[in-house]
Each structure stands twice: as C-alpha cells, then as structure tokens.
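Just so we're on the same page: letters track the sequence lines, and every chain starts at 1.
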Amino acid sequence: MEKDFEEIFQDKVDKEIKIEPKDWMPEKYRQTLIRQISQHAHSEIVGMLPEGNWITRAPNLRRKAILLAKVQDEAGHGLYLYSAAETLGITRDEMYDQLHTGKAKYSSIFNYPTLTWADIGAIGWLVDGAAIMNQVPLCRSSFGPYARAMVRVCKEESFHQRQGFEILLTLSKGTEAQRNMAQDAVNRWWWPSVMMFGPKDDESPNTIMSMKWKIKRFTNDELRQKFVDICAEQVKILGLTLPDNDLKWNAATNHYDFGAIDWNEFWEVVKGNGPCNKQRLDTRKKAWEDGAWVREAASAYAEKRKNKKAVKAA
Amino acid sequence: MNKKNLLDYTLHLADNALIIGHRNSEWCGHGPVLEQDIAISNIALDCIGQARNFYQYAAQLSVNDTSEDSLAYLRYTIEFKNCLLVELPNGDWGQTILRQFYFSTYQYFLYQQLQNSSDQQLAAIAEKALKEVTYHLRWSSEWVIRLGDGTEESKQRMEHAVDELWSYTGELVQAASYELLAVSEGYGVDLSTIKTKWEEKVRTVFEEATLTLPGNAWMQSGGKEGRHTEHLGFVLAEMQFLQRAYPGAEW
Ligand SMILES: [Fe+2]
Ligand SMILES: [Fe+2]
Ligand SMILES: [Fe+2]
C-alpha cells in the first residue's frame, strides 16, 4: 500500500506536477522540506540583523529608505516561508523554538559583521546574488507552497542585488576612502559568499535524494561555479577585485577556475564559532522574549473581544 | 510673504517626520511579532518618505546648493525643529505605540487641514500623507486599546508609558512663532483648532483602552524652537555619522 503511494508521489514529481500540503508524501520528504524551508525562513529573519545594523546610519535619505525597505522585504520573505513550512504541519512557534535553542540552522553568512557602509553594498551584490542563484531553481521546487513563495521572494531579491551593486559602484567611483571601503568589504564578503552554496558535492549526502524529489535542481558545486563566473565579470564593472589569486578564466572548461575554499572556516561557523553567531542568536532571542508580554496581551484582548461578541449575540 | 518663515514651517514638518521615522526604524528586526515588525517598519518608511517630500520642498526654498540631504544630515541639534516627543527613546513596544498614537493623532488633524493650505506644495504633500497617517492612526489606536485592555502586565506597562510621555504631548498643539506667522500668512494650520480634536480622540481611545487620562500637568516644550532633550544629539550623531566623517562624498 505504502509502496503504491510512493510510486504515485514519485510519478507526480517526475511529471513536474506540484505536491500540495494535503497530498500524500514520504515522511522523509516532509521532514526534509520542513528543515529546508524553516532554515530558509530563519535565514531571512536573522539576515535582517547585519543590514539592520546600518539603517540608522545610512548616508542619505534615499539610501536610508531603500535599506529600510530592503530589510523589511526580508521580514516579508520570512513570513511567506514560515507560512509555507506551516502547511507541512509545524507551527511558527515551534520553528522559532528550534531556532532559539540552536536546533535549527540558518545561513552562516549572517554570522559575519557589517563594519562599514560598503558592507551593505557587498551584501546586496554578493549575498543576495548568491541567494538568487540558490533560489531561482527553487521556484520550480516540487512542493507547491514553497515554489510559489520563492517566485515572490526571487523578484524582490533581484532588486536587492541591483541596489547592492549600485552602492558599490557609487563607492568605487567616489573618493579614495570610499574605494578602499568598497574593496575591503568585497574582500571580507567574497569567501563567505562562495561558501553559501554549502559543502562540496561529494560531502553533501542529501543531494541525490533531494534531486530525485526535485527539491534541489542543481548541485552545490554547479551553482557555486555559476556564481563565480558571474561575479568575476561583474567585479570588472565595479573596478574592484575579488580576493583570489587563483581566479582565472579557463578556456577549456569555459568557466573561471578559482582558489581553494577554507572549509575549516566554513565548518567552524556552522558549529557556532563565527564572529557573530552568539550575537545574532542572542538578539533574536531577546526580541522574542521582550515581545512575550505584547503577544500575551494581544491574545488576551482577542479573547475578551470574542467573549463580548458571544454575549452580544446571545 | 515671508520666505524664511515658510522655510522654517516646512522644516519643522520635515524634522518631525524624519525623527519619528528614524526612531521607528530602530525596531526593524527587533519587533515582538514578525507582522508587527513589518508594520512599524512600514510606518517608519512612510514617515521618512513624508520627510523627504518636505525637505525637497524646503531645499527649493533655500539657497542653491541645499538638498534634502544637506538639510537632514548637515544641520545641528539646535537647528532641528521637531517636537520633543518624537526624539524620545523608543522604550518598550507600549511606549513606542503610545508615542505613535499621540503623534499620528496630531498629524492626522494637521494634514487634514494642511491639504487646504494656500501653499500648493504643502497642500499636495499633506494630501498624499494623510492616506498614510490615517492608517498609522488606526493601527496605533488599535494597539493602544489592545495593550491597555490586554493583560495586567500590558496595562501596567501602558500606564507607565502614559506617565513617561504625557508631558511631551502639549508641545504638539502649542504653536511656535513660525506656526503663528504661517497661520496669519495663510498657509499654516491653526493648532488651536486641532487641540480639542486631539484631546477628544485621545480620550475616546483611552476610554476603550481602559486607561486613565492624566489631569493637568506641566508640559515640556522647546523642541520646535531648537531647544531639545539630550537624546536628539545622539540621534543625529548616529544618523549624520557618514556625512560628517566623509565631508562632500557622494553615496
Ligand atoms: Fe530575502
Ligand atoms: Fe532568501
Ligand atoms: Fe534580499
């Protein structure tokens, strides 16, 4: 019996028919998606913090408005994604709990600090850029609610990327201090961005199953190569350089070769030893705890209202 | 017509909107619920947008090399004309909500009349902003009621917020010199007509929120004339940092 369901399920996936929340799905598929989507949602929310760090210091009114709108967009992405995950039978509070207790992960990139205004440019260009590379294929995820959420998210992410690029372009055309600021930010954000695609394919055990289920369309290394190829070209327009002496066009492969990734750093940050892991999590927990009385009051008030209405109706 | 006065009047409107927008933006990423994080950021964005409209107009009224950014980023504390209320620290969510409610109530009645200003630019900005402020007022009223009539703790916190903020409300409807002149020159709003409406709205919402309206109390003032609390200096130090640290740079 189970076998039949599984065949029907895989048959749908193979035919690119979306799986919807009420459809039968393998338990492992459900769990993998909950992990994937909630991790993505958490990344959006935690990702608000490094950039939020510069809202009050944005250099002019236009940039201030754009940055605030951007960080607000990320909150919106978090919202769509939590909702998509909820269709799989987990609540938002449960997901928050997993985040706060460290059980759930979020993208390691947000464990790096934003030191200068140029970091806002570098994050937009590189981090949103890498996110788009990861997320565009997810618009075709076999799971309907996730795919639909990603369509909305991707549209906004491409705005973010252009805005980030434009910040860096302005800086690179500015004063020497601004150019230095821009180059320094690119130097710091480049490798962590390259790492955003996750471990090498041969160390990514879930890839095969995820590809079969079409919740992953390309391997980590494929996406990473695409990202490097694009950035290696775009950085020329910026008049900046990427901090990789081994970065070189390879006519034989039609791709850029690039240097070795420091996987040690990658795993340390995943384990919690990045420069801001603790601060990010503490900040999220504080916001949640400080907000407890507000949420309690809101539900107490809603309850009172309901009772009043019931009395009136009777 | 006194052009300097129109400029001061416009700057005062701009500064109010910018500083409360800036304060609200401090919540972005730290709100008590994701939906409300988005809501307060939205209000911040609206306010900053209104400020930009007023500053751009003020720049037109000023000497050649003045821009919205030079007005926001290169004036000093004593040149800012915002009310004290908007520069106060956010406090907890209840205090931020109450400040927004007081301020939106004021802005609502102000813009309602300013859209009939004899000055076409001010009228147009007010008309557009009124739509936004109508929402801010509804949102903040609902939250005042929800928190006032929520739990024991939320009520206590709201009462505390009322204590903290009340003495800064008088200035909203107390005219500064340039506001009086603006009325006599025909483009400004007569605050004495707003005062009763403001009190009426606050009374109604407080009643529903089961909060007690404070009696007559000493009211702080001075912000509109450039005499601020100690908080504004820090707001500006943070906000203006890049413009001050890299003079003349383009961003
Ligand atoms: Fe996002
Ligand atoms: Fe994202
Ligand atoms: Fe983004």
Engineer: State whether the side chain of A/Arg57 and the backbone N or O of B/Leu242 hold a donor-acceptor pair below 3.5 Å, judged by distance alone.
Structural biologist: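 Checked: no pair found.
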
Engineer: Please classify the contact between B/Arg157 and chain A as side chain, backbone, both or neither, with a heavy-atom cut-off of under 4.5 Å.
Structural biologist: side chain

Engineer: Answer whether the closest heavy-atom distance between the side chains of A/Met48 and B/His30 falls below 4.5 Å.
Structural biologist: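 Heavy-atom side-chain distance check fails, nothing below 4.5 Å.
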
Engineer: Check whether B/Ala72 gets within reach of chain A through its side chain, its backbone, both or neither, counting any heavy atom under 4.5 Å.
Structural biologist: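 Side chain of B/Ala72 only, per the 4.5 Å heavy-atom cut-off to chain A.
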
Engineer: Yes or no on side-chain contact (heavy atoms from CB on, under 4.5 Å) for A/Arg92 and B/Leu34, after CA distance, side-chain angles and deciding distance?
Structural biologist: CA-CA 10 Å; A/Arg92 211 202 288 182; B/Leu34 197 45; 3.5 Å; yes

Engineer: Considering only heavy atoms, which portion of A/Leu171 lies under 4.5 Å from any heavy atom of chain B: side chain, backbone, both, or neither?
Structural biologist: side chain

Engineer: Look up atom CG in A/Leu68 and atom OG in B/Ser25, then write down how far apart they are to the nearest 0.5 Å.
Structural biologist: 5.5 Å

Engineer: Just verifying a value: how many Å separate B/Leu45 CG and A/Lys64 NZ, rounded to the nearest 0.5 Å?
Structural biologist: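 Here the interatomic distance stands at 10.5 Å.
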
Engineer: At what distance, to the nearest 0.5 angstrom, does SG of B/Cys28 lie from CG of A/Asn53?
Structural biologist: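 B/Cys28 atom SG to A/Asn53 atom CG measures 12.0 Å (nearest 0.5 Å).
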
Engineer: Measuring heavy-atom distances to chain A, does B/Trp27 have an atom under 4.5 Å in its side chain, in its backbone, in both, or in neither?
Structural biologist: neither

Engineer: Among B/Gln36, B/Glu68, B/Arg146, B/Lys155, single out the residue with the greatest number of heavy-atom pairs under 4.5 Å to chain A.
Structural biologist: B/Arg146

Engineer: Let's test your reading of the structure: which of B/Val33, B/Val235, B/Leu147 forms the most heavy-atom pairs below 4.5 Å with chain A?
Structural biologist: B/Leu147

Engineer: For B/Ile97, is it the side chain, the backbone, both or neither that has a heavy atom under 4.5 Å from a heavy atom of chain A?
Structural biologist: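 No part of B/Ile97 comes within 4.5 Å of chain A.
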
Engineer: If you measure from OG1 on B/Thr151 to CD on A/Glu303, what distance do you get to the nearest 0.5 Å?
Structural biologist: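 Separation between the atoms: 13.5 Å.
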
Engineer: Quick check for you: among A/Gly121, A/Ala75, A/Ala292, A/Ala300, which has the greatest number of heavy-atom pairs under 4.5 Å with chain B?
Structural biologist: A/Ala75

Engineer: Set out, in order, the CA-CA distance, both residues' side-chain angles and the distance that settles side-chain contact (heavy atoms from CB on, under 4.5 Å) for B/Trp251 and A/Arg62, then state yes or no.
Structural biologist: CA-CA 10 Å; B/Trp251 302 92; A/Arg62 186 174 76 94; over 6 Å; no

Engineer: Any chance you could measure A/Leu61, atom CG, to B/Tyr73, atom OH, to the nearest 0.5 Å?
Structural biologist: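 The distance works out to 4.5 Å.
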
Engineer: Rounded to the nearest 0.5 Å, what separation is found between the OG atom of B/Ser41 and the CD atom of A/Glu74?
Structural biologist: 12.0 Å

Engineer: Between B/Glu238 and A/Thr56, do the side chains contain an N or O donor and an N or O acceptor separated by less than 3.5 Å?
Structural biologist: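 The criterion, which ignores hydrogens and geometry beyond distance, is satisfied for A/Thr56 and B/Glu238.
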
Engineer: Taking side chain as everything from C-beta outward and backbone as N, CA, C, O, which of these in A/Ile167 sits under 4.5 Å from a heavy atom of chain B? Side chain, backbone, both or neither.
Structural biologist: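 Neither part; nothing is under 4.5 Å.
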
